[in-house]
Visitor: 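Sending over a structure as structure tokens; questions will come in a sec.
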Amino acid sequence: MRQIAGKKCCLQRILVLALVFSLVAGILSPFHAAEAEAAYQGKYMIKVNRKMSTVTIYERQSGGKYKAVKAMACSPGYGTPLGTFYIPAKYRWQLLDGNVWGQYCSRIKTGILFHSVWYYERDPSTLCNREYNKLGTIASHGCVRLNVQDCKWIYDNCPIGTQVVIYDSSDPGPLGKPETIKITSGTRTGYDPTDIWSKNNPYNKKAPKISGASSKTVMYGQKVDLKKGVTAKSTTNTSLTSKIKITITLAGKKVAKIDTKNPGNYKVTYQVTDLLNRTAKKTITVKVKPQGDPLRLTGVKDKYVAQGNTIKAAAMDGVALTCGKKTLSNDHIKVKIVKQKKGVYRVTYTASYTGKKTVEKKAVIRVDYKPAISGASSQTIATGTALTKELALKGVTIKDDRTSKSKLDIQVSISYKEDTMKYKVVYKVIDEIGNVAKKTVYYTVVEANPEPDNPDQENPDAENPDPEKTDPVDPSLPDSSGQKSEEIEKTSARTEEVYYGSTL
């Protein structure tokens with residue numbers, strides 16, 4: 001046993017002497033960092049990008065080249081030196097500037113170490129939380145700060161003599177820059193969440209948590225938002241909601257989404273992983289119920305509407321929505337009206353109700369314009385001539401763009417005012433859709449034989465009386481045919497109304 005112990009002691013001395021010799025040779029040798037890196041043959045090489053606060057670990061491959069295998073966020077300082085160095089010593093705990101302590105320290109050069117974020121005392125429960133949350137930024141006096149997990153990895157895996165290259169670049173490195181863990185306890189001191197080797201670390205018993213996810217039943221066709229109300233917190237109580245991943249299965253097969261038009265029991269799994277690589281998972285069931293009685297949209301048809309009516313009111317006239325025996329409010333019907341051309345509208349009806357398949361129907365609405373009355377105009381009528389309906393309708397025609405003449409009726413209303421000696425004639429036409437057209441004209445009564453313009457002109461009838469002329473006939477007496485003459489009763493106003501068909 002003594003011989004074995006003596007051999008181990010000799011071996012350790014030889015290794016120390018070899019290390020000292022290599023360090024002295026490195027100081028005295030004039031070759032550059034690139035040459036030193038090429039000559040270096042250790043298992044790992046550490047590169048520190050001071051500008052981007054990133055550490056990248058490279059592992060030597062079988063061919064002698066180095067490959068990036070691990071990245072760490074760090075906090076160097078403006079005083080961190082650039083260059084190539086070799087780890088000469090390590091310390092489990094080390095007193096740092098400011099009478100504070102660091103764990104798992106690996107020396108880079110005199111006064112410069114890899115170490116944990118500092119502690120007020122040599123106690124893992126006295127971590128400075130404020131400084132811990134600065135990881136990933138330039139914050140130290142010159143040392144390279146890391147979380148406990150990362151500085152312990154270097155302490156455990158990178159032996160004395162491991163090469164360290166410190167440089168500045170805008171590119172963090174081939175593996176990028178990792179996110180940093182934040183502490184939200186609000187206390188001055190505490191534990192490093194990555195320090196799983198401290199038995200009393202409360203973070204060792206914590207894990208991420210998903211809240212707000214619960215099983216539910218939804219109706220056929222109902223919209224489902226699987227993220228609504230669901231949140232997640234990390235081990236250190238920071239939000240992970242944006243990192244929640246959702247997987248859905250139906251009858252054991254993975255599906256992209258919950259199709260509420262395909263009834264069944266959907267299994268929804270929420271999963272989230274925090275920066276401590278701890279995972280929370282929660283599975284719920286979303287049951288989609290069958291449709292049941294379908295929606296029925298009735299009364300949708302192509303139609304004509306009278307000029308002046310609103311298209312939307314006309315579109316909903318006679319339209320109804322039912323589900324089984326239940327009549328639903330028309331508020332569940334959305335109407336889209338698109339004008340195709342003058343007087344022609346395309347109407348799309350979309351009816352929806354919770355748990356029911358949406359129903360869509362289309363129709364065309366056309367505007368029926370008012371009839372046109374032609375041939376009616378104001379004019380004169382001789383004294384003694386009776387204005388009858390037949391006479392008022394002489395030469396009057398009507399035209400409609402849809403209703404046939406056989407179905408059009410003209411109403412004629414005649415009234416007379418003696419003080420103005422005028423007949424007022426009102427024509428009124430109503431087509432089968434309900435459009436009303438009116439036209440008013442006036443007949444002015446004038447003398448049948450007005451006095452000549454020259455008062456000195458003799459009356460030729462006086463000098464040459466017509467032997468065939470007879471005395472005027474008393475209109476109250478019967479004529480030669482035995483019938484009384486038509487007499488127009490002169491009143492202050494007289495009104496008559498009659499309906500005439502197309503035979504007039």
Visitor: Can you name the nearest heavy-atom pair linking Thr56 to Ala68, along with the distance?
Guide: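 Residues Thr56 and Ala68, closest heavy atoms: CG2-CB, 3.9 Å.
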
Visitor: To check you understand the geometry: which heavy-atom pair defines the closest contact between Leu295 and Cys323, and what is its length?
Guide: CD2-CB, 4.0 Å

Visitor: Once rounded to the nearest 0.5 Å, what's the spacing between atom OH of Tyr304 and atom CG of Asp368?
Guide: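 Answer for the OH-CG pair, Tyr304 versus Asp368, is 7.5 Å.
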
Visitor: Does either side chain, that of Gln379 or that of Tyr443, offer a donor lying less than 3.5 Å from an acceptor on the other one?
Guide: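 Indeed, the side chains of Gln379 and Tyr443 share at least one donor-acceptor pair under 3.5 Å.
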
Visitor: Decide whether a cation-pi geometry holds between Arg145 and Tyr132; the criteria are a distance under 6.0 Å from NZ or CZ to the six-membered ring centre and an angle within 45° of the ring axis.
Guide: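 No, Arg145 and Tyr132 do not form such a contact.
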
Visitor: Inspect the surroundings of NZ in Lys303 and state if more than 12 heavy atoms from other residues, nucleotides or ligands are less than 6.0 Å away.
Guide: yes

Visitor: Please check if the side chain of Thr260 supplies one atom and the backbone of Gln222 the other of a donor-acceptor pair under 3.5 Å.
Guide: yes

Visitor: Check whether more than 12 heavy atoms from other residues, nucleotides or ligands sit under 6.0 Å from atom CD of Glu179, and answer yes or no.
Guide: no

Visitor: Under a 3.5 Å threshold, yes or no: a donor from one side chain and an acceptor from the other, between Thr285 and Asn265?
Guide: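 Checked: Thr285/Asn265 side chains show no N/O donor-acceptor pair below 3.5 Å.
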
Visitor: Kindly indicate, with the supporting measurements, whether the criterion side-chain hydrogen bond (donor to acceptor under 3.5 Å, both in side chains) is fulfilled by Ser75 and Ser140.
Guide: CA-CA 6 Å; Ser75 282; Ser140 77; over 6 Å; no

Visitor: I want to check something: taking the side chain as every heavy atom from C-beta on, are Tyr266 and Thr249 in contact at a cut-off of under 4.5 Å?
Guide: no

Visitor: Do Tyr423 and Ser415 have side-chain heavy atoms sitting under 4.5 Å apart?
Guide: no

Visitor: Under 3.5 Å, is there a donor-acceptor pair linking the side chains of Asp171 and Ser169?
Guide: no

Visitor: State whether the number of non-hydrogen atoms from other residues, nucleotides or ligands found under 6.0 Å of Asn277 atom CG is greater than 12.
Guide: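 At most 12 heavy atoms, drawn from other residues, nucleotides or ligands, come within 6.0 Å of this atom.
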
Visitor: What's the verdict on side-chain contact (heavy atoms from CB on, under 4.5 Å) for Val425 and Val412, showing C-alpha distance, side-chain angles and the deciding distance?
Guide: CA-CA 7 Å; Val425 183; Val412 181; 3.9 Å; yes

Visitor: Once rounded to the nearest 0.5 Å, what's the spacing between atom OG of Ser198 and atom CG of Asn200?
Guide: 8.0 Å

Visitor: Give me the atom names and distance for the closest heavy-atom approach of Pro208 to Thr235.
Guide: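 Scanning both residues, the minimum pair turns out to be CD-OG1, 3.6 Å.
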
Visitor: Kindly compute the distance separating OG1 (Thr358) from NE2 (His332), expressed to the nearest 0.5 Å.
Guide: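 Result: 12.0 Å between the selected atoms.
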
Visitor: Are there over 12 heavy-atom neighbours, none belonging to Lys439, within less than 6.0 Å of that residue's NZ?
Guide: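 Result for NZ/Lys439: enclosed.
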
Visitor: Would a 4.5 Å heavy-atom cut-off, applied to side chains only, mark Ile284 and Tyr270 as touching?
Guide: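 The answer is yes; the side chains approach within 4.5 Å.
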
Visitor: Is it the case that the side chains of Thr279 and Lys281 hold a donor-acceptor pair, with the cut-off being a distance below 3.5 Å and no angle test?
Guide: no

Visitor: Crowded around Lys134 NZ? As in, over 12 foreign heavy atoms under 6.0 Å?
Guide: yes

Visitor: Flag the pair Ile183 / Pro193 as yes when at least one side-chain heavy-atom distance between them is below 4.5 Å, and no otherwise.
Guide: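 Side-chain contact under 4.5 Å: yes.
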
Visitor: How close do Lys361 and Leu297 get, heavy atom to heavy atom, and via which atoms?
Guide: NZ-O, 2.6 Å

Visitor: What heavy-atom pair brings Thr180 and Leu275 nearest, and what distance separates the two atoms?
Guide: O-CD1, 3.4 Å

Visitor: With a 4.5 Å heavy-atom cut-off, do Lys51 and Tyr167 have their side chains touching?
Guide: no

Visitor: Is the count of non-hydrogen atoms from other residues, nucleotides or ligands lying under 6.0 Å from Arg346 atom CZ greater than 12?
Guide: yes

Visitor: Decide if atom NZ of Lys209 counts as having more than 12 heavy atoms of other residues, nucleotides or ligands within a radius under 6.0 Å.
Guide: no

Visitor: Return the NZ to OH distance between Lys339 and Tyr345, rounded to the nearest 0.5 Å.
Guide: 4.5 Å

Visitor: Under a plain distance cut-off of 3.5 Å, with no hydrogens placed, do Thr184 and Thr238 share a side-chain donor-acceptor pair?
Guide: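 No, Thr184 and Thr238 have no side-chain donor paired with an acceptor closer than 3.5 Å.
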
Visitor: So, does Thr236 use its side chain to make a donor-acceptor pair with the main chain of Ser234 at under 3.5 Å?
Guide: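 Looks like no, no N/O pair under 3.5 Å.
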
Visitor: Any chance you could measure Met316, atom CE, to Ile311, atom CD1, to the nearest 0.5 Å?
Guide: 14.0 Å

Visitor: Please check: side-chain N/O of Asn201 versus main-chain N/O of Asp192, any donor-acceptor pairing under 3.5 Å?
Guide: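 Yes; at least one donor-acceptor contact below 3.5 Å.
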
Visitor: Once you round to the nearest 0.5 Å, how far does OG1 of Thr241 lie from CD1 of Ile210?
Guide: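 With rounding to 0.5 Å, OG1 (Thr241) is 9.5 Å from CD1 (Ile210).
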
Visitor: Given 3.5 Å as the limit, does a donor-acceptor pair link the side chain of Asp302 with the main chain of Val364, or not?
Guide: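 Yes; at least one donor-acceptor contact below 3.5 Å.
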
Visitor: Side-chain contact, heavy-atom cut-off 4.5 Å: Thr189 with Leu127?
Guide: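 Not touching, per the 4.5 Å side-chain cut-off.
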
Visitor: With side chains defined as the heavy atoms from C-beta onward, is the minimum distance between Pro290 and Tyr220 less than 4.5 Å?
Guide: no

Visitor: Return yes if a side-chain donor-acceptor contact under 3.5 Å exists between Asn147 and Ser116, otherwise no.
Guide: no

Visitor: Under a 4.5 Å cut-off applied to non-hydrogen side-chain atoms, are Lys370 and Val436 in contact?
Guide: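 Side-chain contact under 4.5 Å: no.
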
Visitor: Return yes if a side-chain donor-acceptor contact under 3.5 Å exists between Asn435 and Tyr369, otherwise no.
Guide: no

Visitor: The test is side-chain contact (heavy atoms from CB on, under 4.5 Å); show your working for Leu321 and Val359 and say whether it passes.
Guide: CA-CA 10 Å; Leu321 180 64; Val359 177; 5.9 Å; no

Visitor: Quick check: does any side chain N or O of Thr440 sit under 3.5 Å from a backbone N or O of Val426, one acting as donor and the other as acceptor?
Guide: no

